[in-house]
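If you read the sequence from its start, that first residue is 1, and numbering goes on from there.
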Amino acid sequence: ASSTTEITTTNTNSDSTTIIIPPLKDLIDKNGKVISDISWMLDFAIIGFPKSGTSFLKNYLNQTDETFVYHREFCIKKASDLTRFVE
């Protein structure tokens with residue numbers, strides 16, 4: 001049986017929000033292919049050109065507990081890279 005995880009966050013106004021997170025096996029199959037809606041995982045993306053400050057912005061945003069920034073950066077140089085990224 002699949003179990004969910006509940007995470008409660010509190011913003012600066014002391015408003016609480018509970019997020020229910022399904023188990024990873026319900027979102028991604030054993031080969032790493034996304035099999036469910038994961039759009040809730042991304043609020044925004046940092047997009048830029050090389051040497052335009054994207055790494056600085058990522059590191060700056062990661063200095064607070066109010067934001068979670070994925071540690072890995074994705075470099076997309078051609079259309080086939082984009083297709084692989086969103087699959």
What donor-acceptor contacts under 3.5 angstrom involve side-chain atoms of residues 57-64, with partners at least two apart or in another chain?
{"unit_1": "Asn59", "atom_1": "ND2", "unit_2": "Ser55", "atom_2": "O", "d": "3.2"}
{"unit_1": "Thr64", "atom_1": "OG1", "unit_2": "Glu66", "atom_2": "N", "d": "3.2"}

Requested in this report: Not counting sequence neighbours, which residues clear side chain to side chain contact (heavy atoms under 4.5 Å, CB included) with Asp29? List them please.
Outcome: Asn31, Lys33, Ile35

Requested in this report: For the residue pair Pro22 and Leu27, establish whether any side-chain heavy-atom pair is separated by less than 4.5 Å.
Outcome: yes

